[in-house]
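Here is the structure we will look at.
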Amino acid sequence: MLTELQQRSPPSLISLAGGAPNPNTFPFQSASIQLKDGKMVTFDETAMKRALQYSASNGIPELLTWMKNLQKDLHNPPTISYSPEEGQMDMCVTTGSQEGLCKVFEMLVNPGDNVLLDAPTYSGTLAALQPLGCNLINIPSDHHGMIPAALKETLSRWDPLEVHKPGSTAPKILYTIPNGGNPTGASMTTERKKDVYELAQQYDMLIIEDDPYYFLQFEKPWAPTFLSMDVDGRIIRTDSFSKILSSGLRLGFVTGPKPLVDHVVLHIQASTMHTSTFTQLMVSQLLHSWGQKGFLQHIDGCDAACTAGLTDVAEWHTPSAGMFLWMKLKGIADTQQLIMEKALEKEVLLVPGGVFMINSSDPCPYVRAAFSLSTPEQIDEVYTTSTITTQINTRTDLLSFTFSVHRLSEDSLCSSKTLCDAL
């Protein structure tokens with residue numbers, strides 16, 4: 001509260017209230033950061049003092065204003081015009097979207113609660129939810145994301161007219177990654193989102209829309225979001241700059257009904273206090289210099305198109321967003337040993353699918369391959385020198401996977417790749 005009061009006060013204010021350190025004692029005086037286009041992000045002595053000082057727990061005002069305008073223009077949330085009591089859209093800055101997710105879960109989930117989520121799902125979500133003592137209920141998904149019919153069948157265990165009665169065990173929240181899901185690469189269709197939202201209305205659930213790959217959709221127009229459909233104030237959305245600006249900057253955002261966002265901010269005040277002021281100011285300068293048009297042009301440079309060719313020993317669906325390919329290996333009950341031993345011996349690493357399951361010890365025939373980082377030369381090396389051959393059920397299977405990722409900018413991660421695992 002003191003930090004926010006001081007930020008709104010005139011420079012002439014003499015404050016003896018806050019416990020902030022004297023910035024004149026800091027050893028850093030100024031900074032200049034060169035962008036790839038040659039432009040500079042600069043911090044003079046005055047800006048540097050601010051960048052190295054405490055700041056508001058919900059985020060610095062200029063960054064929040066820029067992001068709120070972006071959310072309005074991209075999603076046009078119906079709740080933007082609501083009163084705070086009705087669930088008016090609000091935002092806060094978090095230290096990566098992972099912090100936002102953890103704080104949302106800790107705010108909403110009690111021991112014994114039933115929580116619905118995609119199957120399979122992001123391992124970081126499982127790691128955040130499992131210590132809370134809740135019951136995780138998988139909702140089956142396919143290459144178009146969560147299946148509404150399966151969600152409806154699961155919810156049929158409860159009477160929607162009794163969800164508010166004392167002692168009801170009906171789920172209060174549903175978690176999903178709607179675009180380029182991790183690990184599956186699946187993206188939910190607009191019709192499915194509408195069906196899921198209607199079920200959430202029927203059972204009065206909140207939907208946690210975890211959408212770090214929203215800007216990595218390969219085709220336009222981008223899919224409508226749950227936030228764009230939210231007439232009730234039941235969507236809590238997490239966004240991330242990790243995939244499009246820098247993962248190391250640790251900048252994410254929580255968007256949702258103001259009463260809930262306010263509680264997230266209170267949790268931030270009592271834990272991390274705020275996201276790095278320096279990081280926020282640096283990104284804010286960048287975004288204001290770009291403008292929304294420049295930002296979206298940068299996003300276009302991160303788009304990718306993925307095509308794949310695979311032998312008949314695996315099943316997969318080409319992703320329409322994100323950074324991952326989810327492959328089912330035919331005739332293989334569990335990929336854990338193959339990946340962690342056989343592949344590693346040949347210095348090739350994928351992720352065995354079991355880590356994305358509620359019970360990671362159950363056999364899983366899937367693997368996750370990430371196509372965002374390795375260079376074409378590295379993939380070619382995998383193809384030519386790292387073939388793994390092993391006997392599986394008294395026969396030899398060879399899995400050969402080829403795909404291309406075409407970046408649209410000079411700063412492309414890769415132009416053409418060939419990935420080969422031999423099992």
Side-chain angles (χ1 to χ4, degrees), residues 115-126 136-157 171 173-200 202-203 205 207-214 216-219 222-226 229 304-335 350-360 362-371 399 401 403:
V115 176
L116 307 178
L117 70 169
D118 298 298
T121 198
Y122 170 46
S123 56
T125 295
L126 298 176
L136 302 181
I137 301 176
N138 275 336
I139 305 299
S141 60
D142 57 21
H143 61 291
H144 292 307
M146 184 176 288
I147 302 172
L151 174 60
K152 184 176 183 178
E153 181 179 354
T154 298
L155 288 171
S156 67
R157 305 176 197 174
I173 65 171
L174 179 149
Y175 168 87
T176 186
I177 304 175
N179 292 298
N182 183 1
T184 64
S187 295
M188 199 181 301
T189 64
T190 301
E191 287 306 311
R192 285 195 179 186
K193 288 177 184 174
K194 290 178 180 178
D195 291 342
V196 168
Y197 189 88
E198 288 176 3
L199 286 167
Q202 186 178 353
Y203 286 86
M205 294 186 297
I207 297 176
I208 300 175
E209 182 178 30
D210 184 16
D211 210 358
Y213 308 103
Y214 174 78
L216 295 184
Q217 297 181 68
F218 303 154
E219 296 181 1
W222 291 335
T225 60
F226 280 112
M229 305 174 183
C306 181
T307 59
L310 194 62
T311 70
D312 60 1
V313 299
E315 298 173 355
W316 88 104
H317 294 284
T318 302
S320 59
M323 308 186 304
F324 307 113
L325 189 81
W326 185 241
M327 296 184 288
K328 181 180 181 181
L329 309 186
K330 296 180 180 179
I332 301 174
D334 188 21
T335 59
L350 294 90
V351 183
V355 303
F356 304 101
M357 305 300 177
I358 291 176
N359 188 348
S360 60
D362 287 346
C364 179
Y366 287 88
V367 295
R368 191 198 75 178
F371 52 81
L399 171 63
F401 167 58
F403 66 93

Apply the test side-chain contact (heavy atoms from CB on, under 4.5 Å) to residues Ile177 and Thr125: give CA-CA distance (whole Å), side-chain angles for both, the deciding distance (0.1 Å), then the verdict. CA-CA 10 Å; Ile177 304 175; Thr125 295; 5.5 Å; no
Show, in sequence, the C-alpha distance, side-chain angles and deciding distance for Thr176 and Arg192, and conclude whether the side-chain contact (heavy atoms from CB on, under 4.5 Å) test is met. CA-CA 12 Å; Thr176 186; Arg192 285 195 179 186; over 6 Å; no
Check step by step if side-chain contact (heavy atoms from CB on, under 4.5 Å) holds for Leu116 and Ile173. CA-CA 7 Å; Leu116 307 178; Ile173 65 171; over 6 Å; no
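Taking CG of Leu151 as the reference point, atom OG of Ser156 lies at 10.0 Å (rounded to 0.5 Å). To the nearest 0.5 Å, atoms NZ (Lys328) and SG (Cys364) are separated by 9.5 Å. If you take CG on Asn182 and OH on Tyr122, they are separated by 7.0 Å, rounding to the nearest 0.5 Å. Here the CD-CG distance, from Gln217 to Asn179, works out to 4.0 Å after rounding to the nearest 0.5 Å. Here Leu350 contributes atom CG and Thr335 contributes atom OG1; the two are 9.0 Å apart, rounded to the nearest 0.5 Å. Interatomic distance, Leu117 CG to Ile358 CD1, rounded to the nearest 0.5 Å: 5.0 Å.
Side-chain contact check for Glu219 versus Ser320: every heavy-atom pair is 4.5 Å or farther apart. No side-chain heavy atom of Asp195 sits less than 4.5 Å from a side-chain heavy atom of Lys152.
Taking both residues in full, the closest heavy atoms of Phe226 and Pro178 are given as CE1-CB, 4.5 Å, listed atom of the first, atom of the second, then distance. Of all the heavy atoms in Tyr213 and Ala321, the pair that sits closest is O-CB, 4.4 Å. Contact record, Ala150 with Pro140: CB-CD, 3.7 Å, taken as the closest heavy-atom pair.
Summarising the local packing, CD of Glu153 is surrounded by 12 or fewer heavy atoms from other residues, nucleotides or ligands at distances under 6.0 Å.
Listed for the Asp118 side chain is no donor-acceptor partner under 3.5 Å among the backbone atoms of Ser141.
Under 3.5 Å, the side chains of Thr225 and Tyr214 contain no donor-acceptor pair of N or O atoms.
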